[in-house]
Asks: 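The structure that follows is given in the form of structure tokens.
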Amino acid sequence: MDHLGRDFFSRDTLTVARELLGQRLVRVLGDRRLSGRIVEVEAYVGEGDQACHARCGRTARNAAMYGPPGHAYVYLIYGMHNCLNVVTGREGFPAAVLVRALEPVEGIAVMREKRGGRGGSELTSGPARLCQALEIDRRFDGVDLCEVDSVLFVERDTGVPGEQVVKGPRIGVRGDEEALSAPWRFCVRGNRFVSR
DNA sequence: GGATCGATCGGCT
DNA sequence: GCCGATCGATCCG
């Protein structure tokens, strides 16, 4: 299977978000692969997006979003949860896609251990849950997902046909009316691993 | 099943 | 000081 490269991530953020559905997020841990199909994402686009972490400009925390596409932006939320984003668009413009849910594929037993014995839809349905299941934390902030030997990357999988894509407003965001109503959340219709 | 609320702490509005 | 792109426990029905 083919490791998605810079060209995939350097496109328009909404296009990347839509096309990430159905692709495979892979975490290599020692000699094991933990992976899942991406079934839910959200786009965060530029300083003008009031829900985007870059709305107040560049800081040490969000610096990765200003960097080259195809890198990870991992941040800590509520003082305890990690969330994974993939940087998109052109370097210098802060935009990223938040990975909100996976359908587990490989290494399910290992993920279950990392999730304290929880399984089923509690394994990877939620941005912080999937980071815990795949052992993704701020060590990955700024890491290049397009490097051939990266231990975190996205692999081409089956994708999702248009009629299975559901678009809607993002979850849990604050901001102006535009930020609250923008249909920048994409998920796979009827998939049991989608959050909420 | 859905709603509500406490946990817990780094970065900043 | 304050608050958050959340989770999990607990309550109610």
Side-chain angles (χ1 to χ4, degrees), chain A residues 9 12-14 16-18 20-21 25 34 36 38-67 69 71-89 93-104 111-143 145 152 154 166-188 190-196:
Chain A
F9 301 105
D12 167 75
T13 303
L14 294 179
V16 175
R18 156 68 186 86
L20 274 172
L21 291 180
L25 180 68
L34 309 182
I38 296 170
V39 297
E40 180 182 356
V41 297
E42 286 176 357
Y44 289 86
V45 187
E47 295 178 353
D49 175 0
Q50 290 300 302
C52 182
H53 285 173
R55 65 186 174 279
C56 301
R58 182 177 183 142
T59 66
R61 182 199 198 197
N62 65 27
M65 266 202 286
Y66 288 80
H71 287 234
Y73 166 46
V74 179
Y75 65 90
L76 187 67
I77 188 76
Y78 299 110
M80 58 185 137
H81 297 301
N82 292 110
C83 296
L84 170 69
N85 298 249
V86 180
V87 178
T88 58
F93 181 79
V97 175
L98 171 67
V99 181
R100 289 191 57 90
L102 302 177
E103 178 178 325
M111 292 190 221
R112 184 187 291 263
E113 274 176 43
K114 293 188 180 301
R115 290 277 299 128
R118 292 183 182 77
S121 63
E122 293 190 328
L123 206 53
T124 52
S125 61
R129 290 172 173 179
L130 72 90
C131 283
Q132 193 178 21
L134 269 58
E135 198 180 300
I136 295 167
D137 54 35
R138 279 177 303 152
R139 291 174 303 173
F140 285 96
D141 188 36
V143 163
L145 308 179
L152 182 65
V154 184
V166 180
K167 278 201 291 189
R170 293 170 292 183
I171 304 285
V173 303
R174 312 266 310 186
D176 56 18
E177 182 54 31
E178 190 66 33
L180 295 178
S181 62
W184 290 352
R185 171 176 183 250
F186 300 84
C187 60
V188 178
N191 188 285
R192 64 183 282 247
F193 293 96
V194 169
S195 69
R196 292 201 142 186

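Everything numeric here is computed off the predicted structure, so don't read it as measured data. In what follows, every chain begins at residue 1, and chains take the letters A, B, ... in the order their sequences are listed.
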Asks: Please give the nucleotide sitting opposite B:dC5 as a Watson-Crick or G-U wobble pair, both distances under 3.5 Å, or none.
Replies: C:dG8

Asks: Look at all strands and tell whether A:Ile77 reaches a base, only sugar-phosphate, or nothing, counting heavy atoms closer than 4.0 Å.
Replies: sugar-phosphate

Asks: If I take atom CD1 in residue A:Ile136 and atom P in nucleotide C:dT6, what distance separates them, rounded to the nearest angstrom?
Replies: 16 Å

Asks: When you compare the side chain of A:Leu84 with that of A:Leu25, does any pair of heavy atoms fall below 4.5 Å?
Replies: yes

Asks: Rounded to whole Å, please give me the gap between CZ in A:Arg100 and C1' in C:dC7.
Replies: 12 Å

Asks: Which part of the nucleic acid, if any, lies within contact of A:Ala51, taking any heavy atom under 4.0 Å across all strands shown: a base, the sugar-phosphate backbone alone, or nothing?
Replies: base

Asks: Figure out the CZ/C1' separation between A:Arg129 and C:dA9, and round it to whole Å.
Replies: 12 Å

Asks: When you check the side-chain N and O atoms of A:Gln50 and A:Arg55, is any donor under 3.5 Å from an acceptor?
Replies: no

Asks: How long is the line joining CG of A:Leu130 and P of C:dA5, in whole Å?
Replies: 17 Å

Asks: Measure the distance from OH on A:Tyr75 to C1' on B:dC9 and round it to the nearest whole Å.
Replies: 15 Å

Asks: At less than 4.0 Å, is any side-chain N or O atom of A:Arg174 found next to OP1 or OP2 of C:dC3? Yes or no.
Replies: no

Asks: Report yes if at least one side-chain N or O of A:Arg170 is closer than 4.0 Å to OP1 or OP2 of C:dT6; otherwise report no.
Replies: no

Asks: Is it the case that the side chains of A:Ser195 and A:Arg100 hold a donor-acceptor pair, with the cut-off being a distance below 3.5 Å and no angle test?
Replies: yes

Asks: Atom OH of A:Tyr78 and atom P of B:dG10: how far apart are they, to the nearest Å?
Replies: 16 Å

Asks: Without decimals, in angstroms, what is the distance between A:Gln50 CD and B:dT13 C1'?
Replies: 10 Å

Asks: Nearest whole angstrom, please: distance from the C1' of C:dC3 to the CZ of A:Arg55.
Replies: 10 Å

Asks: Within less than 4.0 Å of OP1 or OP2 of C:dC7, is there a side-chain N or O belonging to A:Arg115?
Replies: no

Asks: At 4.0 Å (heavy atoms only), tell me whether A:Arg118 reaches a base, stays on the sugar-phosphate, or touches nothing.
Replies: sugar-phosphate

Asks: Does A:Gly79 or A:Asn62 map to a spot on DNA chain B nearer the 5' end, using the closest nucleotide for each?
Replies: A:Gly79

Asks: If you define the side chain from C-beta out and look only at heavy atoms, does anything of A:Asn82 sit under 4.5 Å from A:Ile136?
Replies: no

Asks: Ignoring backbone atoms, establish whether A:Arg138 has a side-chain N or O less than 4.0 Å from OP1 or OP2 of B:dG10.
Replies: no

Asks: In terms of the nearest nucleotide of DNA chain C, which residue is placed more toward the 5' end: A:Glu122 or A:Gly172?
Replies: A:Gly172

Asks: Does the ring of A:Tyr44 lie flat against the base of C:dA5, closer than 5.5 Å centre to centre with planes under 30°?
Replies: yes

Asks: If we only count heavy atoms from C-beta on, is the A:Leu102 to A:Met111 side-chain gap below 4.5 Å?
Replies: no

Asks: Considering only C:dA5, B:dT13, B:dA7, which nucleotide approaches the side chain of A:Met80 most closely?
Replies: B:dA7

Asks: Given the ring of A:Phe193, does A:Arg129 sit roughly above its face, with NZ or CZ under 6.0 Å from the centre of the six-membered ring and within 45° of the axis?
Replies: no

Asks: OP1 or OP2 of C:dC7 less than 4.0 angstrom from a side-chain nitrogen or oxygen of A:His81, does that happen here?
Replies: no

